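These notes are about the structure you will find just below.
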Amino acid sequence: MTHDVTDRPTVHALLTDGTTVCIRPVAPSDHDQLEGLYEEMSPENLRLRFFAASHRSARLAADRVCAPTRTGYRALLAETQGRVIGLAEYDTGDEKDSAEVSVAVADGLHHRGVGTLLVEHLVSAARAEGITTFTADALSENHEVLKLFADLGLRTDRRFEGPEVRCTIVLDQSDTYLTAVEERGRAADVVSLKPLLQPKVIAVVGAGRRPGSVGRAILHQLHAGGYTGRLFAVNPAAHSILGVPSYSSVSALPKTPNLVVLAVPAAAIVETAEECGKAGVRALLVVTAGLDADQAHALLAACRSHGMRLVGPNCLGISNTAPELSLDATFAAGHPRSGTAGVAVQSGGVGIALLDGLSRLGIGVSSFASLGDKYDVSGNDMLQWWESDATTDLALLHLESFGSPRAFSRTARRVTRRMPVLTVDAGRTDAGRRAAASHTAAAAIRTMTRGALFTQAGITATRSVGELLETAALLHSQPLPAGSRVAIVTNAGGAGVLAADACAEAGLSLPTPTPELIDDLLAVLPDGAAVGNPVDATAAVAEEQLTDCVDRIMRYGGIDAVLVALVPTAVAAATGDDLVRALTRAPGRWPKPIVAVRLEQGLPVELLPATEDGTIPSYAEPQAAARALAHAAHRAAWLARPAGTVPDLDGVETERARTVVESYLDAHPDGGWLDPRTGADLLACYGIPQIPWAWAETEDDAVLAADRLRGSDGRVVMKAHWPGLVHKSAQHAVHLDLRGDSEIRAAFRDLEARFAGLMTGVVLQPLAARGTELFAGVVQDEVFGPLVLFGLGGTTTEVLADHAARLAPLTDHDVHDLITSPRCAPLLFGAHGNGPVDLEELEQLLLRLSRMAADLPQLAETDFNPVLATPGGVTVLDARIRLVPCRPQDPYLRRLR
């Protein structure tokens, strides 16, 4: 372990009051500042820190921290606007896996989370170095530091020794610790967003005197929208714009804005941002597009150094429709309707469509953020804001890129327990991913990886903006269904058939009514009605009859939702019956979700007013109604399932595995595919079962190895090996069903001749028994982390592509989903009378693979193909593992993008 100022980069993070601080390693040039940190402490704080108050303590402490690099020591400092405000350090001394930790915070800055943030970063660094415990000595009266350690979320033991307390802190990354870190981050994040989303003073820089500029459009929206705070324009050529007072610069404003909107040319962005920071502005909204890489870097650096949160650049704007604020800082054509849906998008065009759609439906918007190129504020920030604002009950996202997917996933899993979170799954195709990368300067994202993220986090992923609004209408207005069983009621047989097809295609079931329900419905429906599913109530059905019919279906326990497909008829018009009113005038709200389909409806989806201030969604197409019901059923099922846990595994040797990886990369600095022996060593560290095998480099060695490996039938398999060999079967580098020494020798000579200059040896295995050939693997995504894949294996695995995927680490629920999702799943459960495979062993294999991927970020790819699954067990027949040099990164460490 070394104290190297370059091995952990500078990061920025938030204190509890929303202040941005820089966390970085200590450098020798910090000596005077660190000495000053201690010199400015009160005598009492010096005594609590050093157990004695001495004028020499400050210099000695600074000397120690800034001493030359030494093994086992690390120090991190926190600074804001160039001032050092805190220091945390650890020293292993003569220990290997334990370190002494200490922390100091500047006087006047206690209770703002400085020490806790520093210790969190030290914990992450120590864990990466293999340190498992921190120890700390403190005076028993030093309540501040004792509370800091106690509140970390880590298991802490105290031992009192006279006036001192010895604290031992276990550095495990338990869910308790991650939850504590997450909660501290959420609280700090929400506070930091208040100047952005609840500003009391706003200035718009770049509002022109003549129509046509984006800045003027935003100023108009703010002014005309009734913004209740103080509003200024910044334009040196005008004293007033649109009735709003204008000043020559931000520094000339009579009151410092909380939020400044920048709508100036790209060349002026950095200078203006610096001016805002020096003036004390806390948030920037940059709508300007076209920043080059240098401008982008300088803009973000200005925001970080001055502690400003940033939305944009290249965005539509933000809004907060709370009546006490009425903030509309966008250049959309109209003002969003006040409501309860939170919206965050990267595309301004998608944002306008969602704002218009939600306003038209009457759902309205609580707050809106067009994130644009998303240099700072992200979808994760907005989720945490909506979770805390006491208004939002529905979250809609359109994200083309993810900065910290695993942190986003943890946040989303928590938020989706409280409110529906919906997204448009943008970039599903290669063309879409290329467009997203071009649009947002983000890396292309694998479709399976995004799908795994959304599924595991409980996010409702739709395929279009229209489907997003259709689903939002249902989730906003109706209770969730208990299951996926739907009853269809119609006054036209053809409409019922279309609805039935749509439901079946969406994965919903249409149960046949029981005889009792049939009799019940026939008693209220007109003659000629067909009571199946769909229920054809005929064109003669009257308003009261339709209401009674739906009411009786609602009371039937075998149905979870009702879809009513209606068409206008002359019969209803002649009798004055309003069949839509039959659905909306029922006493009270229906106890189960109900949706209408009206084929003549002009809009794709509407919300029909119902009694007791409720609404019923009405769709122009049965497919839209069915999709929305299916999404609602999936959400209900996700909520009904308890949160999964990552099971403990026995026989895992993580430290030995890391040693295997480090040894390989020391010998192969650029990484590569592991040889069979190194790969087997790595799998053994995780208890992953492999078929017996032997390595041979000569013909005679191959014969001897085959003799040791032959089973009862005497047959073996020989596989050629050389570095980089990927598809053995495609290269015809495998000989099967070899019997006797002569066949072994002939096979070896054949491989040696055909792959001369390449082959380094052969692997011999006993011929495996018959069973189901499966595939299990890992891909390390540079954005999302390790993705575990599972499905049908063998030589056709890539052609059939029957795979499911989940992000590691896998929970028990994730493993169940992986096994049951592929099309080949029935084979595992005993289809065709073959008997089920050993499902418990299969689960163990996937969990151990997941653990290996989570432990080892250097694991770029792992392919187990085939994995032989039988009723008697699960065995890896062939394993390919590729390592690359990679510095571990803690995905849950608190830091700004």
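All values below come from the heavy atoms of this structure, side chains included, with hydrogens, waters and symmetry mates left out. Computed from a prediction, not measured in an experiment: that's the story for all the values here.
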Ignoring hydrogens and geometry beyond distance, is a side-chain donor-acceptor pair present between Thr340 and Thr392 at under 3.5 Å? no

Short question: side chain of Arg414, backbone of Glu387 - any donor-acceptor pair under 3.5 Å? no

Under 3.5 Å, is there a donor-acceptor pair between the side chain of Arg635 and the main chain of Thr416? yes

Hey, is the main chain of Gly82 close enough, under 3.5 Å, to the side chain of Gln33 for a donor-acceptor pair? yes

Minimal non-hydrogen separation, Val190 against Trp385, with atom names: O-CZ3, 3.5 Å

Could you walk me through whether Asp376 and Arg304 pass the salt bridge (Lys or Arg N to Asp or Glu O under 4.0 Å) check? CA-CA 10 Å; Asp376 176 26; Arg304 294 292 179 253; 3.1 Å; yes

With the threshold set at 4.0 Å, does a side-chain nitrogen-carboxylate oxygen contact exist between Arg851 and Asp648? no

Quick one: do the Arg112 and Thr16 side chains pair a donor with an acceptor below 3.5 Å? no

Positive for side-chain contact (heavy atoms from CB on, under 4.5 Å) with Ile318, one of Leu259, Val377, Asp328: Leu259

Count the heavy atoms of every other residue, nucleotide or ligand shown that sit under 6.0 Å from NE2 of His813, and state whether that count exceeds 12. yes

Step through the shown structure and confirm whether more than 12 heavy atoms of other residues, nucleotides or ligands are within 6.0 Å of CZ on Arg155. no

Quick one: does Tyr90's side chain have a donor or acceptor within less than 3.5 Å of a partner on Thr135's backbone? no

Minimal non-hydrogen separation, Arg806 against Asp814, with atom names: CG-O, 4.1 Å

The criterion is side chain to side chain donor-acceptor pair (under 3.5 Å); which residues satisfy it with Arg230, sequence neighbours excluded? none

Side chain to side chain, Leu422 and Leu475, heavy atoms closer than 4.5 Å: yes

Check ion pair Asp172-Arg127 (N to O, under 4.0 angstrom): no

Close side-chain approach of Val250 and Phe232, heavy atoms under 4.5 Å: no

Can you tell me if NE2 on His110 sees more than 12 non-hydrogen neighbours from other groups inside 6.0 Å? yes

Charged N to carboxylate O below 4.0 Å: is that the case for Asp781 and Arg450? no

Hey, mind stepping through Glu183 and Arg186 against salt bridge (Lys or Arg N to Asp or Glu O under 4.0 Å) and telling me if it holds? CA-CA 5 Å; Glu183 177 55 29; Arg186 184 199 64 78; 2.7 Å; yes

Among side-chain atoms of Arg159 and Thr168, is any donor-acceptor pair under 3.5 angstrom? no

More than 12 foreign heavy atoms under 6.0 Å from CZ of Arg166: is that the case here? yes

Exercise: do Thr19 and Asp17 side chains pair donor with acceptor under 3.5 Å: yes

Look only at the side chain of Gln456 and the backbone of Leu807, and say whether a donor-acceptor pair between them is shorter than 3.5 Å. yes

Got a salt bridge between Asp389 and Lys194, using NZ or NE/NH1/NH2 to carboxylate O under 4.0 Å? no

Is there a salt bridge (Lys or Arg N to Asp or Glu O under 4.0 Å) between Glu182 and Arg894? Walk through the geometry before answering. CA-CA 8 Å; Glu182 192 176 41; Arg894 279 200 285 156; over 6 Å; no

Derivation and outcome, salt bridge (Lys or Arg N to Asp or Glu O under 4.0 Å), residues Arg74 and Glu89: CA-CA 6 Å; Arg74 185 181 296 273; Glu89 51 189 317; over 6 Å; no

Looking at every heavy atom in both Ala126 and Leu171, which two are closest together, and how far apart are they? CB-CD1, 3.9 Å

